[in-house]
Amino acid sequence: MTLVETHGLASMSDEAQLRWVALGDTTRQAAVVMLHGGPGLPDYLGDVAPMVADLAPVYRYDQRGTGRSPWRGRHSLARHVDDLTELLDAWDVPEAVLIRHSYGTDLASRFCLRHWRWAAQGARRRRPVNWAMNGELGGEGRADPLDERLADLRACLPARTELLGGAEDPRPVSALESLALRLDLPLTRIEGAGHEPWLEQYDTVRAHLRRFVQGSVGP
C-alpha cells in the first residue's frame, strides 16, 4: 500500500505559520497527531508515522520556533496549546489520537486540561535547538508543574489512554511508573529500549501503536 504524504503551512491567529505534514488518507475523519519532544526541537517522528498511517492519517508539525516553523516572539505553554487547537481546526480533524513523545506528553496533557472535549534518527536531524524556547517553556512548566494537577488531568484524559516507555530510559522509567500509578493508567515497558524506544525496538513499538490506534479509531 502506497501512502500519500501531504505538506502544508497553517497560519495561526497571531500570524505565526506552522509547517505540517500528513501521511495517509486525510479524507478520513479520525486521525492520529504525533507531538514531538523538546521543547525547542523540530519534529523527528517521521520514522514512527508509517507504523500506523494505513489505519488513520498521521499529522505531524514543527512546533513554532523550530524546524520549518520560524518564530521570533516569546513562547508560552498556553500559546503552544492554542497552536495544537488551531491546527486541528485547520486539518478539519474532529477526533484525534494523540501520540506524544517526551515533552510532547506535557503538551498533550495541558491540551487535555484545557480542551477536555477533544480528549473523547539521529541527533543531527534535530538541530539547531531553539534554546530560548526551551528555557521559556521549561521555566513556565516548573512554575506550573503538572504534578500538582494530576487529579484534574486524570478526570479529563481520554477513555483510552496508555503509557509506553523504554525500560532503560535514563529519565528514569521509575518516574513513568509513578505517573502510571497516580493516573491509574496501563504502562507498557519496552525492554532493551531507552528514551526513543522506536529506534531500538521498532517492531515492538510498531505493534503496540497499531493495536492502540486500531482500538481508538475502529476498522
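Note that the structure is predicted; figures quoted are calculated from it, not measured.
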>> Would you call the rings of Trp91 and Tyr59 parallel, tilted or perpendicular, taking 30° and 60° as the class edges?
In response: parallel
> Under 6.0 Å between the ring centres of His75 and His80?
Replying inline: yes
> Taking all non-hydrogen atoms of both residues, which atom of Arg189 and which atom of Glu177 are closest, and how far apart?
Replying inline: NE-OE2, 2.8 Å
>> Determine whether a donor-acceptor pair (N or O, by modelled atom type, separation under 3.5 Å) exists between the side chain of His36 and the backbone of Leu41.
In response: yes
>> A cation-pi test, strictly: NZ or CZ of Arg19 under 6.0 Å from the centre of the six-membered ring of Tyr61 and no more than 45 degrees from its axis. Yes or no?
In response: no
>> Any side-chain to backbone donor/acceptor pair from Arg114 onto Ala78? Under 3.5 Å, distance only.
In response: yes
> Do NZ/NE/NH1/NH2 and the carboxylate oxygens of Asp54 and Arg210 come within less than 4.0 Å?
Replying inline: yes
> Are Glu136 and Ser76 close enough that a side-chain donor and a side-chain acceptor fall under 3.5 Å?
Replying inline: no
> To the nearest 0.5 Å, how far apart are CG in Leu157 and CG in Leu185?
Replying inline: 6.0 Å
>> Could you check whether Arg64 and Ser69, counting side-chain N and O atoms only, form a donor-acceptor pair closer than 3.5 Å?
In response: no
> Of the non-hydrogen atoms in Cys112 and Leu153, which two are nearest, and what is the gap between them?
Replying inline: CB-CD1, 4.4 Å
>> For Glu162 versus Pro186, what's the shortest heavy-atom pair and its separation?
In response: CG-CG, 3.6 Å
> Is a salt bridge present between Asp144 and Arg110, judged by a nitrogen-to-oxygen distance below 4.0 Å?
Replying inline: yes
> So, are Glu140 and Arg79 salt-bridged, with charged N and O less than 4.0 Å apart?
Replying inline: no
>> Check this for me, if you would: do Arg100 and Asp106 make a salt bridge, where the nitrogen-to-carboxylate-oxygen distance has to be below 4.0 angstrom?
In response: no
> Quick check, are the ring centers of Tyr44 and His101 under 6.0 angstrom apart?
Replying inline: yes
